[in-house]
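For reference, the structure discussed in these notes is given below.
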Amino acid sequence: MNQTVFKLDEVSYAYPQSEPVLSNISLEIVAGERLSILGANGCGKSTLLKILAGLLFPQSGTFTAFGKKVEREHFKGNLSTVYHRRIGFVFQDSEAQLFCSTVYEELAFGPLQFGLPKDTIRKRIDELSSILDIEKLLEKPPFHLSGGEKKKVAIGSVLILNPDVLVLDEPASSLDPRSQTWLLHLLQSLGKAGKTLIFATHDLDLVPHVSDRAILFDEDHTIAADLPVKTLLKDPKLLKQVNLVDEHYHTHPWDFQED
Ligand SMILES: Nc1ncnc2c1ncn2[C@@H]1O[C@H](COP(=O)(O)OP(=O)(O)OP(=O)(O)O)[C@@H](O)[C@H]1O
């Protein structure tokens with residue numbers, strides 16, 4: 001049986017002076033799963049991903065990762081470092097993630113924090129920048145890049161540490177069609193390599209190609225459904241209920257053939 005990576009038991013979260021944006025969420029995610037998190041704007045997808053990534057902590061309920069309870073008071077020093085090495089998080093807004101003066105430094109930042117030798121880092125950056133097709137950007141400041149280029153660098157700064165789990169918030173946003181296809185292939189190869197992939201998206205075209213299971217959030221911040229993607233895409237009533245398609249939706253255009 002696959003190892004449980006994350007387990008949430010009746011987890012709730014509210015930002016200061018706000019109503020809960022996650023209400024009694026129970027969820028289990030096992031190693032190697034490919035899971036998409038779907039729902040209307042503001043339903044709590046990013047908040048859930050930030051909890052999984054160890055950036056926010058639930059106010060009630062229990063959250064465990066790799067069998068260990070994750071709580072703010074225990075989550076300091078070494079534990080936090082080990083956690084962030086195993087679980088990579090790609091922010092919805094790439095600018096929130098990029099802060100170094102060149103793309104090379106950005107990619108090198110994580111490995112340097114973990115004490116990797118400079119030669120190893122250079123080799124990893126060479127390999128990764130070729131996979132990401134960003135070799136020509138390495139000496140540029142990240143803030144001079146286009147939205148899609150920033151997204152690639154943000155993904156690179158996470159992949160460079162080779163995490164077991166990738167948590168991606170709207171990974172396809174700001175990518176042009178060619179780069180979206182590139183992302184799709186990248187996520188598929190990471191899935192084949194056994195990585196656990198969890199991502200939030202509004203892009204229903206991407207979902208069947210890179211995930212097997214979907215969690216749907218309702219606008220009341222609860223989970224409306226947790227089901228196989230193939231079942232979801234045949235259920236227009238459910239898709240409409242959670243605002244993923246509009247009233248003009250009649251049939252789905254997706255191709256279910258295995259890629
Ligand atoms: N730092 C914050 N402080 C206060 N409220 C916040 C904060 N971040 C998010 N929220 C609110 O929490 C709710 C859930 O936000 P979240 O970003 O999790 O939604 P989402 O489902 O990812 O939305 P989208 O699809 O638009 O990205 C929203 O109403 C949002 O305004």
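Each ligand, and each atom within it, is numbered from 1 in the order the structure gives.
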Element-labelled atoms of ligand 1 that are located less than 4.0 Å from some non-hydrogen atom of Q92: 27 (O)
Shortest protein heavy-atom distance from atom 12 (O) of ligand 1, along with the residue and atom involved: V21 CG1, 3.2 Å
Polar atom proximity, G42 to ligand 1 (N or O, under 3.5 Å): yes
T222 and D220: side chain donor to acceptor below 3.5 Å: yes
Test side-chain hydrogen bond (donor to acceptor under 3.5 Å, both in side chains) applied to Y15 and T47, step by step: CA-CA 9 Å; Y15 291 100; T47 306; 2.8 Å; yes
Side chain to side chain contact (heavy atoms under 4.5 Å, CB included), paired with Q97, selected from I155, V90, V153: V90
Ligand-residue contact atoms, ligand 1 with H202, heavy atoms, under 4.0 Å: 25 (O)
Q188 and H209: side chain donor to acceptor below 3.5 Å: no
Contact atoms of ligand 1, heavy-atom distance to G44 under 4.0 Å: 14 (C), 18 (O), 19 (O), 20 (P), 21 (O)
Per-atom contacts, ligand 1 versus A40 - under 4.0 Å to a heavy atom: 21 (O)
Identity and distance of the protein heavy atom lying nearest atom 26 (O) of ligand 1: N41 ND2, 2.9 Å
Minimum-distance protein heavy atom relative to atom 2 (C) of ligand 1: Y15 CD2, 3.4 Å
Within-cutoff protein neighbour (heavy atom, under 4.0 Å) for atom 14 (C) of ligand 1: yes
Contact check: G39 vs ligand 1, nitrogen or oxygen atoms, below 3.5 angstrom: no
K45-ligand 1 polar pair, N/O distance under 3.5 Å: yes
Short side-chain donor-acceptor distance under 3.5 Å, T102 and E139: no
Output field: ring centroids F99/F109 closer than 6.0 Å: yes
Exercise check, heavy-atom protein proximity under 4.0 Å to atom 31 (O) of ligand 1: no
Whether R72 side chain and F57 backbone form a donor-acceptor pair below 3.5 Å: no
Residue-ligand contact K50/ligand 1, heavy atom below 4.0 Å: no
Residue that, paired with R34, satisfies side chain to side chain contact (heavy atoms under 4.5 Å, CB included) out of I198, L190, D212, L187: D212
Presence of salt bridge, D226 and R213, under 4.0 angstrom: yes
Step-by-step side-chain hydrogen bond (donor to acceptor under 3.5 Å, both in side chains) determination, E33 to T196: CA-CA 5 Å; E33 269 202 285; T196 307; over 6 Å; no
Top protein contact for atom 17 (O) of ligand 1, by heavy-atom distance: S46 CB, 3.5 Å
Ligand 1 contacted by A200 (non-hydrogen, < 4.0 Å): no
Polar contact flag for T47 and ligand 1 (N/O pairs, less than 3.5 Å): yes
